[in-house]
Amino acid sequence: MIVLSNFIEIRGMSFARGDRLIFNDIDVDIPRGKVTSIMGPSGSGKTTLLRLIGAQLKPQKGSITVDGQDFLSLKRKALYIARENVGMLFQSGALFSDLTVFENVAFPLRVHTKLPEEMIRDIVLMKLHAVGLRGARDLMPSELSGGMTRRIALARAIVLDPSLVMYDEPFAGQDPIAMGVLVQLIRLLNDALGMTSVLVSHDVPEALSISDHVCIIADGKVVGQGEPSELKANGSPLVKQFLQGLPDGPVPFHYPASDYRSDLLQGSDSARLFT
Ligand SMILES: Nc1ncnc2c1ncn2[C@@H]1O[C@H](COP(=O)(O)OP(=O)(O)OP(=O)(O)O)[C@@H](O)[C@H]1O
């Protein structure tokens, strides 16, 4: 069997929502067994890209293959099976509030497999152990901190041993300690379980610290991709602005607007205070 070095390959892909072209003929490589970060300004389409990879959305043009398979060509049943191989941790992916931690993690196993109860128990405890929360198995979601909730969601995302895990803003709203734990966990789980991980994050230093590969998107295009060191050496002003977290550059801080001064003057007398 030939093992492809890229786990995901996107070729000549275009995707529009109504009149708005979100991706314009892009090529993206996601290497197998590595952690890849997708970065770019807000609204550039990072979450959309994850949804396209997961075949929740369909591009108007081009192809997306995951482990050599074109998800969009699969029939419903085959797609259902293929998706078992993809773990997703979306920011909105909350735990079921009326189920214990154990049952939350067991849920995908109960839905997708017919494994006996003892085996479900072992697998759930192994995954909870991997995220350091085996001792929290009997707690209800309301008893967990935000960081613990994210780790339980992570255990649930990997409970079916997927070969691909996609994380959308996994660090959002986390304190620095919880964030540090999640950052390390993503790297550790990727390597220990031999997965391919794709990460969308605004936390540039954290994401870069665990990424083998980075893809930066802006204005519907891929403006840079490669190893973090290659990108840091990239002279493109867009890539520089993004990696250094600079407020202004090719992507302006201000949304296009009319002249500030005349805008204020039109408003009210109090605007004179500013002149
Ligand atoms: N369901 C939808 N219907 C219409 N437009 C949408 C929908 N979801 C997203 N969009 C638009 O598609 C574009 C890309 O959105 P997306 O959420 O993928 O960006 P993003 O890079 O993940 O943004 P952020 O970093 O702010 O989360 C945005 O302009 C957004 O307004």
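One-based numbering, in listed order, for ligands and for the atoms of each.
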Side-chain donor-acceptor pair present, D168, T47, cut-off under 3.5 Å: yes
T100 versus D138, side-chain donor and acceptor atoms under 3.5 Å: no
Side-chain donor or acceptor of [X] paired with backbone N/O of [Y] under 3.5 Å:
X	Y	answer
K61	G12	yes
R83	A78	no
D70	L72	yes

If the cut-off is 4.0 Å to any non-hydrogen atom of [X], which atoms of ligand 1 fall inside it?
X	result
G43	13 (C), 14 (C), 19 (O), 20 (P), 21 (O), 23 (O), 24 (P), 25 (O), 26 (O), 28 (C), 29 (O)
R17	1 (N), 2 (C), 3 (N), 4 (C), 5 (N), 6 (C), 7 (C), 8 (N), 9 (C), 10 (N)
T48	14 (C), 15 (O), 16 (P), 18 (O)
K46	18 (O), 19 (O), 20 (P), 21 (O), 22 (O), 23 (O), 24 (P), 25 (O)
S44	19 (O), 21 (O)
G45	14 (C), 16 (P), 18 (O), 19 (O), 20 (P), 21 (O)

Qualifying residue for side chain to side chain donor-acceptor pair (under 3.5 Å) with S211, from S37, S201, S197: S37
Heteroatom proximity flag, E169 to ligand 1, N/O under 3.5 Å: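 No, there is no polar N/O contact under 3.5 Å.
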Heteroatom distance test (I22, ligand 1): nitrogen or oxygen, under 3.5 angstrom: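 I22 vs ligand 1: no N/O contact under 3.5 Å.
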Check against ring-ring contact (aromatic ring centres under 6.0 Å, His included), H112 and Y80: CA-CA 10 Å; H112 290 277; Y80 183 78; 5.1 Å; yes
Protein heavy-atom partner closest to atom 17 (O) of ligand 1 - residue, atom, separation in Å: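 The closest one turns out to be T47 CB, 3.8 Å.
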Residue-ligand contact R51/ligand 1, heavy atom below 4.0 Å: no
